[in-house]
Student: 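The structure's right below; bear with me while I get my questions together.
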Amino acid sequence: MTHRFQAVKGTRDILPPESALWNRVEQTARRVFATYNFQEIRLPILEQRYLFERSLGYESDIVSKQMFTLEDRESSELWVWRDLVSDWKLRIDDPLALDQFEYALKRLLQCLEVELQREEKILRPEILQSARDALLHNAEKLRELREKGITPQGLEVLIETIQLEAATVRGEDLGLRPEATASVVRAYIQHGLHTRPGLTKLYYIGPMFRRERPQKGRYRQFYQVGAEVLGSSDHPALDAEVIEMLLVFLDRCGLREHTLYVNSIGCSDCRPKYVERLRSELQKVKDHLGADSRRRIETNPLRVLDSKLPEEQPIIEKLPSILDHLCDACRDHFQKFQQELKDRSLAYEINKRLVRGLDYYIRTTFEVTAPGLGAQNAICGGGRYDGLVELLGGPPTKGMGFALGTDRLLLALRQVEESGGKDQLDVFMVWLGASALRAARMLARRLREQGISTELLYEETKLKKALGLADKSSARYAVLIGEDELAQNKFTLRDMRSGQQRALSESELLQELAASAGASAAEE
RNA sequence: GUGAGCGUAGCUCAGGGGUAGAGCAUCGGUCUGUGGAUCCGAGGGUCGUGGGUUCAAAUCCCAUCGCUCACCCCA
């Protein structure tokens with residue numbers, strides 16, 4: 001039986017020549033960010049799941065249903081007992097087996113206690129606790145029932161209940177990162193980066209994972225380029241400079257049409273007051289809202305502002321604006337931030353309905369959109385997150401950053417064809433005869449040492465066919481080595497575009513090719 | 001999690017009950033030291049998978065899986 005493998009849902013391969021585009025975008029990011037004194041941080045793709053739960057919020061969609069999680073079971077014997085309990089095959093007529101089950105249950109409870117006493121909680125403590133309480137209760141019940149002697153049916157039900165409860169203690173204590181800000185902050189705290197002088201300016205490039213239905217510009221493994229500034233400053237100039245850097249980067253990538261939207265969503269002082277105000281206003285008009293928006297009145301009133309339903313737009317327009325409810329400090333910050341943008345000649349639009357989905361944002365939020373992306377027109381989002389470091393157990397620290405979806409940026413660039421035809425290969429080497437092969441091998445090595453990309457045929461091939469292969473590989477030049485060349489101690493350099501050939505000595509050849517290879521390398 | 005559309009060669013797609021097709025691509029020949037063109041030829045498929053109807057199913061019916069797009073949510 002044959003099985004046809006394919007990339008798992010929501011992941012894809014990035015093949016050449018498209019992969020060259022990716023490299024170019026990432027190189028551009030590295031260059032631009034370096035000029036703003038940002039340095040790269042390389043982060044693990046796996047983190048403790050709890051990190052994301054703390055930073056993004058338990059109730060956020062990302063954590064509650066979009067995170068890829070996996071068990072790390074090495075760390076504890078907890079899993080041994082859990083598996084024994086939850087996988088135990090019902091053999092209620094066998095008292096010995098029942099003894100074993102009870103023993104495993106007892107050990108599982110002990111492990112749970114240990115886990116609950118741990119300083120660093122890796123598993124969600126409330127899940128552990130409720131499992132512990134339920135199991136404790138049922139273990140007691142089980143013992144009583146066994147002492148009294150119970151109907152097999154009753155015992156069966158109880159054991160199944162226990163097994164289900166045990167299964168809730170899952171080793172999903174690791175998560176594939178759905179975004180990288182939490183990882184950056186974790187690393188900042190873990191390595192004491194706050195003790196380094198000045199602000200910490202970091203950027204990262206890499207894949208993120210979210211388990212959601214794929215659609216245009218949205219994958220389960222997607223790629224982000226992001227930057228974060230951590231430290232003691234929350235100066236509006238910093239926010240503006242980060243955005244300037246982002247826009248310079250987009251410009252250098254060749255993205256011409258895009259729009260920067262900015263907003264302020266206040267701080268822990270003024271936002272809750274506004275949210276309450278908003279909620280009460282929404283209550284008044286809730287009969288005119290759709291089911292989703294009605295639900296959000298309780299769960300997250302800010303998100304109602306995000307609704308795209310046409311019939312809700314007039315209602316939303318009339319709702320109170322967060323910008324009218326900022327405290328003095330936040331209003332001042334937002335004003336100065338806008339002035340900083342103007343002083344940098346950065347065009348922007350205020351979008352008072354721009355509320356970021358993640359819990360940790362404060363004050364400045366922003367988003368860049370580009371046309372041609374289907375329903376997902378945002379390519380980049382970011383903002384200020386002053387409380388996050390503290391929330392994750394670090395010292396009071398200000399933070400600001402953005403994350404940019406590379407998949408969507410490239411979709412907006414639409415330049416795959418343009419860059420696809422570029423010469424990838426400098427030299428296709430053609431040899432005829434065994435002694436020519438020896439010369440070809442040595443020459444190929446020297447060319448490659450000079451950074452000149454060279455293809456050398458492995459098998460002897462007729463000249464006509466070899467040139468055909470050179471053509472198909474879209475090589476810039478062919479180098480021919482045969483008996484004539486060996487006799488003259490020269491090589492034939494053939495320009496594959498013009499078809500012109502010249503006989504050159506090795507040093508002449510190297511010189512000639514170094515010039516053209518150098519030119520194409522500079523473009524990269 | 002919800003809804004819609006689409007699954008036939010590597011790619012783009014025809015065929016809508018009676019022998020599995022085209023163009024492009026690949027490989028070989030034409031062509032034994034000169035590529036791109038022409039011409040000739042070849043390989044490549046359990047028509048997504050499973051079941052049903054039928055003498056006969058790529059085709060009709062059912063189920064299932066996959067892909068795509070949209071909703072939700074977000075970058």
Side-chain angles (χ1 to χ4, degrees), chain A residues 1-12 15 56 59-67 177-181 207-226 246 290-293 295-296 299-300 303 306-309 354-358 361 365-370 373-383 401-412 428 430-433 436 460-475 477-487 492-501:
Chain A
M1 187 170 108
T2 55
H3 173 73
R4 184 162 171 151
F5 290 103
Q6 57 178 352
V8 309
K9 187 202 279 289
T11 72
R12 78 279 180 52
L15 306 171
L56 302 172
E59 303 309 326
S60 70
D61 269 38
I62 298 179
V63 164
S64 60
K65 56 186 204 199
Q66 294 183 349
M67 193 153 63
R177 62 180 186 187
E179 54 105 48
T181 300
M208 310 291 157
F209 303 83
R210 284 184 203 174
R211 206 165 103 179
E212 54 191 348
R213 279 285 175 83
Q215 51 185 289
K216 189 177 180 127
R218 159 187 262 184
Y219 300 92
R220 286 179 160 188
Q221 176 173 342
F222 59 103
Y223 296 82
Q224 284 188 338
V225 170
L246 166 66
D292 285 332
S293 291
R295 179 170 42 81
R296 289 192 190 121
T299 58
N300 195 347
R303 296 226 65 90
D306 245 6
S307 163
K308 282 151 198 146
L309 287 178
L354 178 63
V355 291
R356 301 246 54 99
L358 308 181
Y361 283 109
T365 60
F366 63 96
E367 185 173 287
V368 176
T369 64
L373 297 177
Q376 276 71 46
N377 65 347
I379 59 172
C380 176
F402 65 82
L404 175 139
T406 315
D407 309 80
R408 290 190 191 174
L409 173 61
L410 285 170
L411 209 54
F428 195 100
V430 178
W431 52 274
L432 301 161
E460 178 149 28
T461 313
K462 283 183 278 191
L463 180 62
K464 203 152 187 80
K465 184 179 171 188
L467 281 171
L469 292 170
D471 185 40
K472 277 171 200 151
S473 69
S474 57
Y477 296 101
V479 168
L480 277 51
I481 309 164
E483 287 181 15
D484 298 351
E485 285 78 6
L486 288 174
T492 298
L493 178 69
R494 178 181 180 84
D495 185 321
M496 290 300 288
R497 288 180 200 159
S498 65
Q500 286 176 345
Q501 306 190 163

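Chain A is the first sequence line, chain B the second, and so forth, proteins listed ahead of strands; every chain is numbered from 1. Keep in mind that this is a model prediction, so the values were computed, not measured.
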Student: Verify the contact: side-chain N or O of A/Lys462 to OP1 or OP2 of B/C31, cut-off strictly under 4.0 Å; return yes or no.
Tutor: no

Student: B/U34, B/A75, B/C69: which one has an atom nearest the side-chain heavy atoms of A/Lys216?
Tutor: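 When the side chain of A/Lys216 is considered, B/C69 is the closest of B/U34, B/A75, B/C69.
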
Student: With Watson-Crick and G-U wobble geometry limited to distances under 3.5 Å, how should the secondary structure of RNA chain B be encoded in dot-bracket form, using | for bases paired to another strand and [ ] for crossing pairs?
Tutor: ((((((((.[[[[.)..(..]]]].((((.........)))).....[[[[[..)....]]]]])))))))....

Student: If we take the C1' atom in both B/G23 and B/G17, what is their distance in whole Å?
Tutor: 27 Å

Student: Assuming nearest nucleotide by heavy-atom distance, tell me which of A/Lys472 and A/Gln500 is located more 5' along RNA chain B.
Tutor: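 Nearest-nucleotide comparison on RNA chain B picks A/Lys472.
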
Student: Would you classify B/G41 as syn or anti? Syn applies when the glycosidic angle is within 90° of 0.
Tutor: anti

Student: Would you kindly say whether A/Glu485 and A/Thr492 are connected by a side-chain donor-acceptor distance under 3.5 Å?
Tutor: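 Checked: A/Glu485/A/Thr492 side chains pair up, N/O donor to acceptor below 3.5 Å.
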
Student: Picking from B/G36, B/G3, B/U34, which would you name as closest to the side chain of A/Arg213?
Tutor: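 In terms of side-chain proximity for A/Arg213, the closest of B/G36, B/G3, B/U34 is B/G3.
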
Student: Counting only heavy atoms not in A/Glu483, do more than 12 fall under 6.0 Å of its CD?
Tutor: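 No.
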
Student: Check the phosphate of B/U34 against A/Lys465, side-chain N and O only, distance under 4.0 Å to OP1 or OP2. Yes or no?
Tutor: no

Student: Contact between A/Arg494 and A/Val430 at the side-chain level, heavy atoms closer than 4.5 Å - yes or no?
Tutor: no

Student: In terms of the nearest nucleotide of RNA chain B, which residue is placed more toward the 5' end: A/Glu485 or A/Gly10?
Tutor: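 That would be A/Glu485.
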
Student: For atom CZ of A/Arg211, is the number of surrounding heavy atoms from other residues, nucleotides or ligands below 6.0 Å larger than 12?
Tutor: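 Atom CZ in A/Arg211 is not crowded, with 12 or fewer foreign heavy atoms closer than 6.0 Å.
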
Student: Quantified in whole Å, what is the P atom distance between nucleotide B/A58 and nucleotide B/A20?
Tutor: 8 Å

